[in-house]
Amino acid sequence: MLAGVLAGVLAAALTAGAAHAQVSPVAIKTGSEMGSGYAVKRGNECIIITAAHVVKEAEFGTAISLFDDTGAAAPGAKIVFSDNATDLAVLRVVAPSAFNCQGAWQDGAGVQAALRDASQGSVKMQVLTLREGGLSDIVPVSFAGNSGPQKFRVRSTGDTIAQGQSGSVLVSDGKVLGIVQTTADGEHLGAIQRIKEIHARIPNTHL
């Protein structure tokens, strides 16, 4: 019951003001590592973008478990791309029909405009994290400056962006702006890999 209520809150946060856009965040569990990512549909497959360190234990044969915002599971996910230098990974899985995987890639001009507006403080941003079982965290954040050419920092206005939230998706007005890669960048700060940089660094063959 609680998971259903939180899933409804999450859906409302994702679609408010942007009925044309849908984000499908997922929870990822690999051995002792917990994290999140975001998923898109490709034919009968679900493709997930996350931080590489979230799935590092899979290199040693540990299974990857995926969960959507209803708590539904998708077993058998495989890593098809992983780059420790940029801390990016791509997973693929043939997900059950009940698994929520309906998002679309969002790397166009609209996303860049949303990122510009968010950096100027004119629109709100949220970090979305899913937990095993469908429980969700929605952390309001604000732009806190650049962190090199590929990343920027956000400052949470409520709960701290903490360990276990790596790979969480940053959204604004229903658009994906990037994913959380560093959660220990000072009090209430997190480093975000820009969506434009993510798509520039992942080979198209994996998407």
J.: Does anything in residues 54-88 pair up under disulfide bond (SG atoms under 2.5 Å apart), and if so which pairs, sequence neighbours excluded?
T.: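 Residue pairs passing disulfide bond (SG atoms under 2.5 Å apart), neighbours aside: none found.
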J.: Residues in side chain to side chain contact (heavy atoms under 4.5 Å, CB included) with R116, at least two apart?
T.: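 R116 satisfies side chain to side chain contact (heavy atoms under 4.5 Å, CB included) with A113, Q120 only.
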J.: According to side-chain hydrogen bond (donor to acceptor under 3.5 Å, both in side chains), who are the partners of D117, at least two apart in sequence or on a separate chain?
T.: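 Testing D117 for side-chain hydrogen bond (donor to acceptor under 3.5 Å, both in side chains), a comparison that skips the adjacent residues, returns none.
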J.: Side chain to side chain contact (heavy atoms under 4.5 Å, CB included) with E57: which residues, sequence neighbours excluded?
T.: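 Only T30, S32, E33, T62 meet the side chain to side chain contact (heavy atoms under 4.5 Å, CB included) criterion with E57.
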J.: Between L88 and A52, what is the shortest heavy-atom contact and its length?
T.: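 Smallest interatomic distance, heavy atoms only, reads O-CB, 3.5 Å.
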J.: Quick one: closest heavy-atom pair of I179 and A51, and the distance?
T.: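 Shortest heavy-atom separation between I179 and A51 comes out as CD1-N, 3.9 Å.
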J.: If you take all heavy atoms of S142 and M125, which pair is closest and at what distance?
T.: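 That closest heavy-atom pairing would be C-CE, 3.7 Å.
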J.: Can you see which heavy atom on V171 is nearest to which on L128, and at what distance?
T.: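 Residues V171 and L128, closest heavy atoms: CG2-CD1, 3.7 Å.
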J.: Would you give the length of the straight line joining atom CZ of R153 to atom CD1 of I192, rounded to the nearest 0.5 angstrom?
T.: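 Between atom CZ of R153 and atom CD1 of I192 there are 11.5 Å.
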J.: Quick one: list whatever passes side chain to side chain contact (heavy atoms under 4.5 Å, CB included) with R92, sequence neighbours left out.
T.: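 Checked R92 against side chain to side chain contact (heavy atoms under 4.5 Å, CB included); matches are E45, I47, V80.
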J.: Can you tell me if K151 has over 12 outside heavy atoms packed within less than 6.0 Å of its NZ?
T.: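 Buried by this count: over 12 neighbours within 6.0 Å.
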J.: List for me each residue that meets side chain to side chain contact (heavy atoms under 4.5 Å, CB included) alongside K124, sequence neighbours excluded, and say none if there are none.
T.: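 Applying side chain to side chain contact (heavy atoms under 4.5 Å, CB included) to K124 gives Q126.
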J.: Could you work out, with salt bridge (charged side-chain N to carboxylate O under 4.0 Å, His left out) as the rule, every residue matching R201, not counting sequence neighbours?
T.: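 Scan of R201 (salt bridge (charged side-chain N to carboxylate O under 4.0 Å, His left out), adjacent residues dropped) gives E197.
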J.: V180 and F67: same hydrophobic cluster, using ILVMFWY side-chain contacts below 4.5 Å?
T.: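 V180 does not cluster with F67.
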J.: Tell me the closest heavy-atom pair linking F81 and P203, and the distance in Å.
T.: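 What the structure gives for the nearest pair is CE1-CD, 3.5 Å.
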J.: For the hydrophobic clusters of this structure (ILVMFWY residues joined by side-chain heavy atoms under 4.5 Å, transitively), does one cluster hold both V169 and V90?
T.: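 Cluster IDs for V169 and V90 match.
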J.: State which residues pass side-chain hydrogen bond (donor to acceptor under 3.5 Å, both in side chains) with T86; sequence neighbours excluded, sorted by chain then number.
T.: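 Expected list: D83.
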J.: Return the CG to OG distance between L130 and S36, rounded to the nearest 0.5 Å.
T.: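 With rounding to 0.5 Å, CG (L130) is 5.5 Å from OG (S36).
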J.: Please enumerate all residues that pass side-chain hydrogen bond (donor to acceptor under 3.5 Å, both in side chains) together with T50, with sequence neighbours excluded.
T.: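 T50 satisfies side-chain hydrogen bond (donor to acceptor under 3.5 Å, both in side chains) with no residue once adjacent residues are dropped.
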J.: Please list, chain by chain and in numerical order, all residues satisfying side-chain hydrogen bond (donor to acceptor under 3.5 Å, both in side chains) with Q193, sequence neighbours excluded.
T.: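 Scan of Q193 (side-chain hydrogen bond (donor to acceptor under 3.5 Å, both in side chains), adjacent residues dropped) gives none.
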J.: Do the non-hydrogen side-chain atoms of T129 and M34 ever get within less than 4.5 Å of each other?
T.: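 Contact flag for T129/M34 side chains = no.
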J.: Sort and list the pairs that fulfil ring pair (Phe, Tyr, Trp, His ring centres under 6.0 Å) and have at least one residue in residues 32-54, not counting sequence neighbours.
T.: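 The answer is Y38-W105.
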J.: Closest approach of Q165 and V139, non-hydrogen atoms and distance?
T.: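 Shortest heavy-atom separation between Q165 and V139 comes out as NE2-CG2, 4.0 Å.
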J.: Got a sec, which hydrophobics cluster with L66, joining ILVMFWY side chains under 4.5 Å apart, including via others?
T.: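 Noted: L66 shares its cluster with V26, I28, I48, V54, V55, I64, I79, L91, V93, F99.
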J.: A side-chain contact here means heavy atoms from C-beta on lying under 4.5 Å apart; do H199 and N204 qualify?
T.: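 No, their side chains stay 4.5 Å or more apart.
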